[in-house]
Structures are given as C-alpha cells and as structure tokens.
Number of protein chains: 2
Amino acid sequence: MISIIIMNKTAADIFDEYLAAKGLRQTNQRRQILDAFISVKSHCTIADLYDVLKKKDPSIGFATVHRNLRLLCEAGLAQEIKIGSGKARFELTFGQSHHDHLICLKCGKFIEVFDMQIERLQEKLAEANDFLPRKHKLEIYGYCRQCR
Amino acid sequence: MISIIIMNKTAADIFDEYLAAKGLRQTNQRRQILDAFISVKSHCTIADLYDVLKKKDPSIGFATVHRNLRLLCEAGLAQEIKIGSGKARFELTFGQSHHDHLICLKCGKFIEVFDMQIERLQEKLAEANDFLPRKHKLEIYGYCRQCR
DNA sequence: ACTAAGAATGATATGCATTATCATTAGTAT
DNA sequence: ATACTAATGATAATGCATATCATTCTTAGT
Ligand SMILES: [Mn+2]
Ligand SMILES: [Mn+2]
Ligand SMILES: [Zn+2]
Ligand SMILES: [Zn+2]
C-alpha cells in the first residue's frame with residue numbers, strides 16, 4: 001500500500017472528495033481499483049490492471065475497471081495516454097508533474113522526460129501561428145540504452 | 001491532375017518503380033487512388049478518400065483503398081498520422097519535408113509547423129537519456145485563430 | 001435497524017475501425 | 001492467346017471501446 005501525500009491529502013482522499021462532490025458512491029471496487037492503479041507500474045492498459053485486480057477479486061468486471069479508470073481521469077488523478085495504434089494506457093498524475101515520453105521501439109519501455117526549453121519553444125511556435133495551445137503530446141520513438 | 005516533379009520523377013513514377021521492384025502490378029485502382037490522394041487535401045482518412053473515389057468509379061472497394069494507402073506508405077510516398085482516438089489519417093510525404101502539427105480542438109484544422117530549435121533540443125534530450133531517436137511525434141492541441 | 005431510491009456492478013451486446021478471407025477478375029510474361 | 005498469379009471487392013473476423021440492463025449494493029431518511 002503506497003501512499004503519496006500532498007497537502008495532507010492522499011489520492012484516496014481526493015477521489016473520495018470527488019465522488020462526494022458528484023453525488024457518486026464509494027465502493028469496494030473503486031477502492032481496489034485506485035489501490036491497484038497506484039501500486040502497479042504506470043502506463044498500464046485497462047487489461048493490465050484488470051489482470052492484477054482479478055487475482056485479488058476474481059469477480060471484478062472488466063467494464064468496472066474501464067469505467068473507473070475513466071473516472072479517475074475525470075477526478076484529475078489519472079490521464080490517458082494513447083501510444084501508437086495500441087490500446088489506451090493510463091498513468092497516475094497525482095504527485096507527478098507534466099512530462100513527455102521516450103518510447104523504446106524494441107522493449108516498449110517508457111522514459112519520462114521534461115525539457116523546459118522545449119516547452120517554451122512550443123508555446124512560442126503556437127503563438128507565432130495565432131494558435132492558443134491547450135495541451136500537447138511529444139513522443140520520441142527509438143531505442144533505449146539496453147536495446148540500441 | 002497535380003504533378004509535383006522531383007529529380008525528374010513524379011509520385012506516379014516512384015510508385016511504378018516501387019511496384020516493379022516488388023513484383024507488384026499496376027492497376028487502374030492504384031492509379032486512381034494515387035491521383036485522388038494527391039489532389040485531395042492531405043490528412044484524409046481512408047473513408048474520405050473512398051468517398052472521393054466512389055464518385056468517379058462506384059465499383060471501387062473500401063478494402064482496396066485501405067490496402068493501397070498502406071502500400072503508398074511502404075513506397076515512402078505517404079505516411080499515417082494517428083490523431084487523438086479517431087481514425088487513421090494519411091498525408092503525402094512526396095515533395096514535403098518533416099513537420100509537426102497544431103490541431104484545432106474545435107474545427108479540426110491541421111496547421112503544419114516546423115521549428116529547427118525544437119528538433120535539435122529533442123535530439124539532445126534523447127541523447128541525454130542514452131536514447132537513440134528514430135522518429136517523433138509532436139502535436140499541439142488548442143484553438144486556431146478562427147476558433148479561439 | 002429497516003427501507004426506499006437509485007447508483008454501481010458485471011455479463012453481455014453493440015459500435016466502429018481495421019484487417020483477414022476468398023471467389024472472381026485482371027495484369028503480365030511467355 | 002494462354003497460364004500464372006496478384007489484385008480486387010464483398011464480406012467476415014478481429015480488437016478495442018463503450019452501451020445496455022437485470023441485479024446488487026450504497027446511502028440517506030425514517
Ligand atoms: Mn509517464
Ligand atoms: Mn501535415
Ligand atoms: Zn528498450
Ligand atoms: Zn479551428
């Protein structure tokens with residue numbers, strides 16, 4: 001059980017508050033899903049998380065995992081990342097700041113990177129085109145140290 | 001009929017050479033598909049191109065358009081771009097140099113951009129992580145001049 | 001504690017884009 | 001012209017995401 005605490009709040013606290021604010025209910029499945037998502041390596045697919053959860057509770061449904069990963073995104077705790085043509089992946093955003101990804105074409109590893117200079121140049125590039133940027137996606141595909 | 005000519009070769013020439021080299025055949029459909037793809041605004045989906053082609057030749061099949069857009073990619077004349085969660089889009093690479101995209105969240109417009117500084121910083125960022133970059137994807141989502 | 005209201009779950013069905021299959025058509029070399 | 005076989009086009013299969021709906025469970029009110 002990993003617990004990152006920010007401003008005296010855990011991810012579970014924030015989720016509970018979000019549920020309350022929206023008139024949604026707390027359930028065993030929701031607790032299990034958040035716990036598993038936090039402990040599993042990030043960038044997991046729905047199926048990845050479903051497999052982990054099934055071991056503890058074989059009755060859990062795929063649809064429930066799917067729905068609640070979406071809900072975690074709505075609550076601001078997770079975000080979906082679409083890589084290549086594969087399935088949707090999710091990563092925890094709680095306790096993490098914005099970053100981009102280097103993705104290994106051989107082993108599939110994700111390396112998280114951030115470059116303030118690039119971020120600023122992107123802003124400028126948008127501005128130069130009369131474009132109001134809201135979000136961006138920078139993915140560099142290639143080979144990691146182990147695979148090059 | 002638009003004809004960009006590079007080193008005395010049109011896109012059709014290159015396609016024909018690719019087909020010959022691979023022992024593949026020239027067909028009316030292949031000629032029609034390349035022509036339509038060149039004349040249509042880029043960033044089109046398979047369905048977009050299929051609709052255009054159907055008007056000239058109602059007997060053409062969706063699968064044929066699909067297969068041959070893929071083939072154009074193999075031949076180095078086109079490339080697939082996956083945006084958001086929607087369908088695959090294709091753009092002509094013949095006569096075009098590398099660029100990234102600003103994508104309007106409202107009207108869906110693609111603005112093509114290039115920033116050599118960003119390109120170089122990406123190389124550096126990869127290198128700093130012992131990563132051998134092969135290709136990258138930079139997409140900035142936001143609102144264009146008309147939609148902001 | 002009991003109950004009513006309705007949100008959540010999980011099995012299954014549906015939707016949608018992509019890709020495979022296969023009988024038929026058509027391009028190419030001889 | 002013929003034989004060979006690649007390409008086509010209709011259709012089926014696949015993969016993933018999402019919708020549906022009967023049943024279960026959470027929660028607020030008594
Ligand atoms: Mn990440
Ligand atoms: Mn483009
Ligand atoms: Zn690797
Ligand atoms: Zn716009």
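Convention: sequence-line order gives letters A, B, ...; per-chain numbering from 1.
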Pairwise salt bridge (Lys or Arg N to Asp or Glu O under 4.0 Å) hits with a residue in residues 117-129 of chain A, at least two apart: none
Within residues 38-60 of chain B or reaching into it, pairs that qualify as salt bridge (Lys or Arg N to Asp or Glu O under 4.0 Å) - sequence neighbours excluded: Asp48(B)-Arg89(B)
Cluster companions of Ile81(A) among Ile, Leu, Val, Met, Phe, Trp, Tyr (side-chain spacing under 4.5 Å): Ile83(A), Ile103(A), Leu105(A), Phe110(A), Tyr141(A), Tyr143(A), Leu132(B)
Considering only side-chain heavy atoms of [X], which listed nucleotide, [options], is closest?
X        : options                   : value
Asn28(B) : dT18(C), dG27(C), dA7(D)  : dG27(C)
His66(A) : dA10(D), dA17(D), dT18(C) : dA17(D)
Ala63(B) : dT18(C), dA7(D), dG9(D)   : dG9(D)

In whole Å, I'd like the distance from the [atom1] atom of [X] to the [atom2] atom of [N].
X        : N       : atom1 : atom2 : result
Lys82(B) : dC16(D) : NZ    : P     : 12 Å
Gln32(B) : dG27(C) : CD    : P     : 11 Å
Phe62(B) : dA10(D) : CZ    : C1'   : 13 Å
Lys87(A) : dA17(D) : NZ    : P     : 8 Å
Asn68(B) : dA7(D)  : CG    : P     : 9 Å
Leu69(B) : dT8(D)  : CG    : P     : 12 Å

Close approaches to DNA chain D from residues 11-27 of chain B, in residue order (heavy atom, under 4.0 Å): Leu24(B), Arg25(B), Thr27(B)
Nucleic acid contacts - residues 42-61 of chain A versus DNA chain D, non-hydrogen atoms under 4.0 Å: none
Neighbour count >12 (heavy atoms, 6.0 Å) for atom CZ, Arg145(A): no
Lys9(A)/Glu17(A) ion pair, N-O < 4.0 Å: yes
Phosphate-side-chain proximity, Gln29(B) and dG9(D), N/O vs OP1/OP2 below 4.0 Å: yes
Side-chain (Asp115(B)) to main-chain (Ile118(B)) donor-acceptor, under 3.5 angstrom: yes
Glu74(B) to Tyr18(B) - nearest heavy-atom pair and separation: OE1-OH, 3.0 Å
Pairwise distance CD(Gln122(B)) to CG(Asp100(B)) - rounded to 0.5 angstrom: 6.5 Å
Distance-only donor-acceptor test (3.5 Å): side chain Arg67(A), base dG10(C): yes
Qualifying residues under salt bridge (charged side-chain N to carboxylate O under 4.0 Å, His left out), relative to Arg30(A), sequence neighbours excluded: none
